[in-house]
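Following: one structure in structure tokens, then a few remarks.
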Number of protein chains: 2
Amino acid sequence: MRDGDQTLVRKLRLFADMEEDNFADLMQIAYLQSFPRQVQLITEGEPADFLHIVVSGAVELFARSNGRETTMEVVRPVATFILAAVLKDAVYLMSARTLEKSSVLLIPAENIRAVMARDRHFDKAIITELASRYRAVVKAQKDLKLRTGVERLANYLLRQEIEQGGTGQLVLPVDKRTLAGRLGMTPENLSRAFGTLKPYGVEVDGADIGLTKPDDLVRLAKPNPLIDDPDI
Amino acid sequence: MRDGDQTLVRKLRLFADMEEDNFADLMQIAYLQSFPRQVQLITEGEPADFLHIVVSGAVELFARSNGRETTMEVVRPVATFILAAVLKDAVYLMSARTLEKSSVLLIPAENIRAVMARDRHFDKAIITELASRYRAVVKAQKDLKLRTGVERLANYLLRQEIEQGGTGQLVLPVDKRTLAGRLGMTPENLSRAFGTLKPYGVEVDGADIGLTKPDDLVRLAKPNPLIDDPDI
DNA sequence: TCATTCACTTGATAATTATCAAGTGAATTA
DNA sequence: TAATTCACTTGATAATTATCAAGTGAATGA
């Protein structure tokens, strides 16, 4: 792994306060792997062997049941995924695949647990991380249960616009099929939802979106910090 | 608080391994309050002042947005709620109200955080608890996104039947309006969903439910351990 | 260059779910 | 006992969402 990547990993909330020796140990044991797009990294139901950290590219967490499939989350660098399964020494609840060419750092679960046993700072960091993740899923569940598909899309666009600099422009970070899954709707319905939002100033050109009537869109979306603010 | 209640709290995964002195400290500071039914205990958006532990009765966690309201979870004794908000020193994402006459143990958030700073066992317990909660919400999200309303009800009934002893009988632990919210549907639709399940041997008499054709019901519900098994 | 693929869109229709409005019957209360 | 409340159900209808089937147009590849 390049030093630059290691620095980025070290900056993760999860590792930032870890004792230097322990971090060095983990990085010694960890290995970085590169994958082309659309490679399945983990499969739900299998035992959690490694903590995964997306160093470059993008990874989709998804789940299947009944022959149906849905996107649960899209993880972008630099972030960990499936931490809870590793800590509980349990099976994965979600599968993961690369959305694009990606490199992923793999740390054996047993080493994570070993460092946890001797590094107090790591404990604290894990608690903070888990609590944040938990709250993120609760927000996602509120989004699903309290909003229609069109409202979810509208709020998603508003969040992305803010995250991408508040210029009234945004670029969809994933293809529309994946976005539809993330928003809990079919691709066909996502198309129609974009159509519904046209009168509210949502201009679509491929992955490039312009929001020309932000006030109208906000009035429709009724964003709620307790659902949409990622920092709360 | 009666000694018996204190013993029950001590048995919670969260407190079981805590050092005796620290537990005694917390119990010293904590206070037990009794509430009639339908009292709102906390309100989403307010700062997390206390860790709550349901000692008797039942508490509904719910959320509102847009004038809509939904049940997120029903907490029964003995269990904690809103742990993540307390740990993060953040605002509550959910409101809580008693469903019936209940007693709730309140521990000031600052004391929780203080014990956390000096008790390693508590750290570990918090991690285990948070990881479990996180996985529970992920399962709930899979349930919502991968199943229709009727399927969610069918699987809910199968889970309850198992939890209540596997006798082919079960008693709904909450009124149907609350259950509907939990399952992400309207009360009217829950009624109709029960109707749809009649040919699958679901016999409803108030809160008493009989499952007379479990095989047929399972064939419809297609239960999935990665959604329905609470212990995974 | 032409064929093919692929992501996305559009249309028609069906299934699912929500809303509004009564209705029922048991339990509570005057 | 009669009135009232309340939880739940049922019916009619509307809104939302999914499914199936083409269609479009840009990108890829022979």
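Bear in mind the structure is a predicted one, so any value in this text is a computation, not a measurement. All values below come from the heavy atoms of this structure, side chains included, with hydrogens, waters and symmetry mates left out. Proteins come first, then strands; the chains are lettered A, B, ... in the order of their sequence lines, and each starts at number 1.
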Point to revise | Between P of C:dA18 and CZ of A:R147, the distance in whole Å | key: 17 Å
Practice item. Mind telling me whether B:F81 and B:H52 have parallel, tilted or perpendicular rings, with 30° and 60° as the class edges? Key: tilted
Check your understanding: Do the side-chain N or O atoms of B:N189 get closer than 4.0 angstrom to the phosphate oxygens (OP1, OP2) of C:dA18?
Key -> yes
Check your understanding: Charged N to carboxylate O below 4.0 Å: is that the case for B:E129 and B:R133?
Key -> yes
Review point. If you check the A:D175 side chain, which of C:dT9, C:dT19, C:dC8 turns out closest?
Key: C:dC8
Check your understanding: Should D:dA22 form a Watson-Crick or G-U wobble pair with both distances under 3.5 Å, which nucleotide is its partner?
Key -> C:dT9
Study note, to complete from the structure: Against the side chain of A:T148, the closest entry in C:dC8, D:dA12, D:dT16 is D:dT16
Check your understanding: In whole Å, what is the span from the CE atom of B:M185 to the P atom of C:dT16?
Key -> 12 Å
Point to revise | Assigned partner base of C:dA27, Watson-Crick or wobble definition, under 3.5 Å | key: D:dT4
**Study point:** Nearest-angstrom distance from the residue atom CZ of B:R177 to P of D:dT9
**Key:** 12 Å
Point to revise | Nearest-angstrom distance from the residue atom CG of B:L197 to P of D:dT9 | key: 13 Å
Point to revise | hbond_proxy A:E188 side chain to C:dC8 base (donor-acceptor, 3.5 Å cutoff) | key: no
Study note, to complete from the structure: Between CG of A:L153 and C1' of D:dT16 the distance, given in whole Å, is 15 Å
Review point. B:T186 side chain N/O closer than 4.0 Å to the phosphate oxygens (OP1, OP2) of C:dA18?
Key: yes
Check your understanding: Salt bridge check: are A:D228 and A:R152 linked by an N-O gap of less than 4.0 Å?
Key -> no
Review point. Any Lys/Arg nitrogen of A:E69 or A:R97 sitting under 4.0 Å from an Asp/Glu carboxylate oxygen of the other?
Key: yes
Check your understanding: Is any N or O donor-acceptor pair between the side chain of B:R192 and the base of C:dT19 shorter than 3.5 Å?
Key -> yes
Check your understanding: Does the distance from a Lys or Arg side-chain N to an Asp or Glu carboxylate O, for A:E44 and B:K142, drop under 4.0 Å?
Key -> yes
Point to revise | Of the listed nucleotides C:dC8, D:dT19, C:dA18, the one nearest the side chain of A:S191 | key: C:dC8
Study note, to complete from the structure: Taken to the nearest whole Å, CG/A:D205 to C1'/C:dT9 is 14 Å
Review point. Quick one: B:K145 NZ to C:dT16 P, roughly how many Å, whole number?
Key: 20 Å
Exercise for review: Specify the separation, in whole Å, of atom CG of A:L183 and atom P of D:dT17.
Suggested key: 11 Å
